[in-house]
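To start, the structure under review is shown below, and the notes come after it.
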Protein chains: 2
Amino acid sequence: MKNQTTKDRPQRILDTALLLFYNSGYFNTSVHDIQHAADVSIGSIYHHFGNKQGIARALYHHLADQMTEAVFQIMAENAGLYRQGRAFLDYLFAMAETAPAAMHYILCARHQEFMPGEKSICSSKPFERIQQRIRQAMDQGEIRKLDPAIASAALFGGAIRLIHLRLDGVLDRPLSDCAAETWQCAWRCVALQ
Amino acid sequence: MKNQTTKDRPQRILDTALLLFYNSGYFNTSVHDIQHAADVSIGSIYHHFGNKQGIARALYHHLADQMTEAVFQIMAENAGLYRQGRAFLDYLFAMAETAPAAMHYILCARHQEFMPGEKSICSSKPFERIQQRIRQAMDQGEIRKLDPAIASAALFGGAIRLIHLRLDGVLDRPLSDCAAETWQCAWRCVALQ
DNA sequence: GTCTATATTTAGATAGAC
DNA sequence: GTCTATCTAAATATAGAC
């Protein structure tokens, strides 16, 4: 009767929820909304995810893992913080354009409000890894010695800000057009000379 | 019977709501919560603000106006973008420490989710004014010529990122300790040399 | 302007057949 | 695993006395 599975139901539920969360926010999206938009029964949702928070958590871990993997791959495939940082920025900007709902959920959503106890994404694996790399680059004399938190914020704060503006509809230019100049600006913050 | 007014009720309602929004978020705060914490009747709240959104909007305009005033004052009292920017950063950092709930509401809350149609704070007067000033500084040769949006993000993205981290409990150092280094980093992005 | 009591709606969640 | 029908709690908002 219901929509036959091109994708399995749990995945379809997650995809639908992510889209609705992006368009309306977590709290403005009811389980009934998800059920309806995903063309799935409400029983199915509760069977797979337990409760509404369960959807949010599954989504969060899925996307955070994805980003962690991307970060480690970028570290492995690029040499030097300058190129690694640029590759990461390109990854973030590209994802914000091609998968805005996912990027918004990772970077803009107020996780603590609907997933109490969940670690902030900023203090989780991918961002930890980057800060660790920044520290290393300082020790190796690749960049200036700065407070690591300030250095991280300086290097990626501008990019993250632009992503926020873009996803909130304030910036109407595709982020890819901003990548080079943004990274040039950011690198000056930490460059040795 | 109820708490006698040291402050007038509307103000007490707003103060209480702001605090609760900060601690739990807008959607996790019910009108009953506000009513109870402010020691005011629910009828009083609806009399003054019409509905829950009305509280949020009053709060928003009040705080945005406050920030607009501060920005214009900073512009008037300081000469040159370097000093003006530093003064603005100091203002933001100080406010994040002394009035975290207000700062959080202005910079971190997802306004569009609970005040549909309201202009984003980032495209409202105070931030408009700053971007205008940045443009002017480019024309006058005080800083490099860059895309204005990128320049704004570069100059204040790091600071705003640190505020987010601080208010989300990720950063445990007072922001005032970070001001000098943060601004030094930021200025390098746009400095002529 | 302020209050209490109440109405209305809708959300999250469960039960139990298939 | 999936479905429909239903329950329950809680939230927003209103009515109307004082």
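Everything quoted here is computed from the prediction, not taken from an experiment. Proteins get letters first, then strands, A, B, ... in listed order; numbering begins at 1 in each.
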Checking dT14(C), dT2(C), dA13(D) against the side chain of I42(A) (C-beta onward), the nearest is dT14(C)

Looking at dT2(D), dT14(D), dG1(C), which one has an atom nearest to any side-chain atom of Y46(B)? dT14(D)

Within the structure shown, what part of the strands sits under 4.0 Å from H48(B) by heavy-atom distance: base, sugar-phosphate, or nothing? sugar-phosphate

Can you tell me if H47(B) touches the phosphate of dT2(C), counting only side-chain N or O atoms and a distance under 4.0 Å to OP1 or OP2? no

What heavy-atom pair brings Q112(B) and D168(A) nearest, and what distance separates the two atoms? NE2-O, 3.6 Å

The nucleotide from dA13(C), dC3(D), dA11(D) with an atom nearest the side chain of V40(A) is dC3(D)

Do the rings of F114(A) and Y26(A) sit parallel, tilted or perpendicular, given the 30° and 60° boundaries? parallel

Among dT4(C), dA13(D), dT4(D), the one nearest S41(A) by side-chain distance: dT4(D)

Among the nucleotides dA13(C), dT2(C), dA13(D), which one has an atom lying closest to any side-chain atom of K52(A)? dA13(C)

Which one, dA13(D), dT2(D), dT2(C), comes nearest to the side chain of R9(B)? dT2(C)

same_hphob_cluster(L107(A), I160(B)) at 4.5 Å side-chain heavy-atom cutoff: yes

Closest-nucleotide mapping onto DNA chain C: is H32(A) or G43(A) further toward the 5' terminus? I mean the 5' end. H32(A)

Ring centres under 6.0 Å, that's the criterion: do F127(A) and F156(A) meet it? no

Rounded interatomic separation in angstrom, taking CD1 from I45(A) and P from dG12(C): 10 Å

